[in-house]
Amino acid sequence: MLQPASEESIIKLIDNLERTINAMYVSAKYESLVLSTMAESSFFKNIVELKLSIHLMFIDIFTEEKYMLIADNEYMKRFHMKCIKTSLTEAYKGLFGWRKKSRSMWGVLEYHLLDKRYDEIRVEYKKIKTNLDMLGTKYDFKEVRDQTVHYSEDIINMYEVMYEQSSEDEVLRTINTYIDVFHSMLLFCDKIVKNENVLCSSKINQLETFSDFTLHELAKRIINTKKKLSEVFEKTFPYAVNQWDCMAQYRKKVDQIKKNIETKFEMNVNNSGLDNIILLWNIDMSLRFMLLDFMTILYAYLKSSVIESIFIIRRIVIEKTASFGRLYGYDGNTKDRENSLWNKIKMLVPLSNVMLKSQLDEITTELDEMSQIWTEKENRHLYVHLIKDRKELPVVLLNLEQIDPLIYVNEITRLIVLVNKINLFVVDLMKCLQKDACMENAKSTEQDNEKIKSFERLFDDILDGKDKNIILESMDKIRRMVDNI
């Protein structure tokens, strides 16, 4: 079970997070404007890039931390834990890198620090560099990160990665370890610019920097008309999580049974009917995974402040793009289309089943229409890798502010409806294949019985006495075993 922090400490922490997010946003906005005026590369431009990147990542991490704390459902908490580890990984990669660290935002400062003016702080720089190395050695969230920004074909692995996220206290300690190092980097940068006429100390009014907050409030009212979405979170969501959890446990049991049979009897369990059912089961779980993730993000979005909204709407874009790519693939991407869940579903639909074939064509038409309209895949990397591209840094915040929430809220709700429709279609298809498999098994059993009877007649003709009775008894046992399969 999850290990909750005390209620009093959570309230204080949430309050601190909200105030910090607001302050970091103002700093990031100002640094974005300053950076946009710097044309040529310079030491001080590197400093501004570093400060801006850290402030952006702080906002991202603290927003996810807040919604981990206020979530009243274990699935939601685990989702935000994954997002936190993903953000920490992206922050580390953007600031320090895994390879070619000398070219990273932090690494490029070392050359400039050879100047004698910085003799005193060069030691501090190396100490921070050592702490950054420690973070890279101590923590490895690559698998969690990959499972958060992509939908894997291995649904059981996705399930296990999700349920490995179990301790709030552990996540909070991890955040603090990273933040301590990142904050020391900020203080280091401030020492360099102190007494330098590079950054103005004045701050920009928050409302002046972001005037489209009313669109987010409107989007929230639209998706929660008459509090219907709130009712879904309170009643339907917990049931859906429990159902998904049960499916995963049954799926793991099936795998274990197959493994035991193969080990005990030294044989491969090859059954196309069973394999197709398992494939559809995996697809069904993947679809439910998507729906739960969509609802988790929308829950956070409904409760978000103005500044938090622009970072959560970014998460909606990432989630929508990743899920649709896995579900159907984007127009012009043959590989995605071939590996998509929908392509796997299509191959299992019996063409003789008129009702299923009609539903298949209807859903395919809608998916194809979406794939031609939705083109965010090309820009998705800007939202996943928030601080990776230095050329984009001056406009990262502006790009986030300019995401139209009305468009993306409409698209994510449309995708929720469609994924739910596909989920119901998969259940109907599974029932159809189960029925066909039973009929095929009955037919096969009848054929096997007939073969046994023919052997019995043969032995009846050529044998007599004790040997005949022993063989016929064996045949009868085999027939009863076949009937019970």
Side-chain angles (χ1 to χ4, degrees), residues 24 26-61 86-142 145 176-202 381-382 384-399:
M24 292 292 174
V26 174
S27 296
K29 187 65 180 178
Y30 184 74
E31 287 150 3
S32 298
L33 294 174
V34 171
L35 195 58
S36 66
T37 66
M38 294 180 165
E40 297 181 3
S41 179
S42 67
F43 183 31
F44 294 110
K45 183 174 183 180
N46 294 149
I47 293 294
V48 179
E49 288 175 340
L50 186 59
K51 286 173 64 69
L52 171 59
S53 298
I54 294 173
H55 285 137
L56 288 172
M57 294 313 304
F58 274 176
I59 298 171
D60 190 38
I61 294 164
T86 298
S87 296
L88 291 173
T89 301
E90 290 295 328
Y92 185 88
K93 182 168 61 176
L95 297 172
F96 195 51
W98 301 107
R99 296 181 297 274
K100 299 180 180 179
K101 294 180 179 180
S102 61
R103 299 183 186 179
S104 68
M105 289 189 194
W106 185 250
V108 296
L109 300 184
E110 189 164 12
Y111 170 78
H112 298 287
L113 291 174
L114 295 175
D115 190 307
K116 289 184 178 181
R117 287 183 298 166
Y118 305 117
D119 284 348
E120 292 183 8
I121 63 173
R122 198 178 302 123
V123 174
E124 185 177 350
Y125 173 86
K126 290 181 178 179
K127 181 181 177 181
I128 295 172
K129 185 178 179 182
T130 299
N131 289 335
L132 284 167
D133 281 322
M134 175 275 295
L135 290 179
T137 303
K138 184 176 181 179
Y139 299 104
D140 182 6
F141 301 135
K142 185 178 185 305
R145 179 260 179 207
N176 289 338
T177 303
Y178 274 87
I179 296 305
D180 284 346
V181 178
F182 293 162
H183 187 249
S184 69
M185 295 166 75
L186 277 178
L187 294 178
F188 178 84
C189 291
D190 288 340
K191 285 183 180 179
I192 292 177
V193 300
K194 188 178 182 180
N195 300 324
E196 298 280 355
N197 209 10
V198 179
L199 293 178
C200 179
S201 60
S202 64
H381 71 282
L382 296 177
V384 175
H385 312 292
L386 199 60
I387 61 172
K388 184 179 180 180
D389 192 341
R390 292 186 196 174
K391 294 179 181 178
E392 297 290 335
L393 270 176
V395 294
V396 165
L397 208 50
L398 181 63
N399 288 340

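- Remark: Lys93 engages Glu90 in a salt bridge (Lys or Arg N to Asp or Glu O under 4.0 Å) (not counting sequence neighbours).
- Taken from CG in Asp60 to CE in Met24, the straight-line distance is 13.0 Å, to the nearest 0.5 Å.
- Smallest separation of non-hydrogen atoms from Ala28 and Leu52: O-CD1, 3.3 Å.
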Discussion item. Before you tell me yes or no, could you show the steps for His55 and Leu186 under side-chain contact (heavy atoms from CB on, under 4.5 Å), namely the whole-Å CA-CA distance, both residues' side-chain angles and the distance that decides it to 0.1 Å?
Written reply: CA-CA 9 Å; His55 285 137; Leu186 277 178; 3.8 Å; yes
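- The two atoms that bring Met105 and Gly94 nearest to each other are CG-O, 3.8 Å, heavy atoms only.
- Rounding to the nearest 0.5 Å gives a distance of 9.0 Å between OG of Ser104 and OH of Tyr92.
- Ion pairing between Arg122 and Asp119 holds under the 4.0 Å rule for side-chain N and carboxylate O.
- The line from CG of Asp180 to CD1 of Ile128 is 11.5 Å long, rounded to the nearest 0.5 Å.
- Contact record, Ser32 with Leu393: OG-O, 4.5 Å, taken as the closest heavy-atom pair.
- Scanning for side chain to side chain contact (heavy atoms under 4.5 Å, CB included) contacts around Lys127 gives Asn131, with sequence neighbours left out.
- Remark: Asp140 pairs with no residue by the salt bridge (Lys or Arg N to Asp or Glu O under 4.0 Å) rule, at least two apart or across chains.
- When side chains are defined from C-beta on, Phe182 does not count as touching Met57, because their heavy atoms never get closer than 4.5 Å.
- Qualifying side chain to side chain contact (heavy atoms under 4.5 Å, CB included) partners for Tyr139, counting only residues two or more places apart in sequence or in other chains: Leu135, Phe141, Thr174, Thr177, Tyr178.
- Distance check: Arg117 CZ to Ile192 CD1 gives 10.0 Å after rounding to the nearest 0.5 Å.
- When atom types are taken as modelled, the side chain of Tyr125 and the backbone of Phe188 share no donor-acceptor pair closer than 3.5 angstrom.
- Atom OG of Ser87 and atom CD1 of Ile61 lie 6.0 Å apart (nearest 0.5 Å).
- Every residue two or more places apart in sequence or in another chain was checked for a side-chain hydrogen bond (donor to acceptor under 3.5 Å, both in side chains) with Ser53, and none qualifies.
- With sequence neighbours left out, Asp190 forms a salt bridge (Lys or Arg N to Asp or Glu O under 4.0 Å) with Lys51.
- In this structure Asp133 satisfies the side-chain hydrogen bond (donor to acceptor under 3.5 Å, both in side chains) test together with Lys101, sequence neighbours excluded.
- With rounding to the nearest 0.5 Å, the separation of OG1 in Thr37 from NZ in Lys45 is 9.0 Å.
- In terms of the salt bridge (Lys or Arg N to Asp or Glu O under 4.0 Å) criterion, residue partners of Lys142 (sequence neighbours excluded) are, by chain and number, Asp146.
- In this structure Phe43 satisfies the ring-ring contact (aromatic ring centres under 6.0 Å, His included) test together with His112, Tyr118, sequence neighbours excluded.
- Here the rule is side chain to side chain contact (heavy atoms under 4.5 Å, CB included) with Ile387, and of Leu56, Leu50, Ile54, Val396 only Leu56 fits it.
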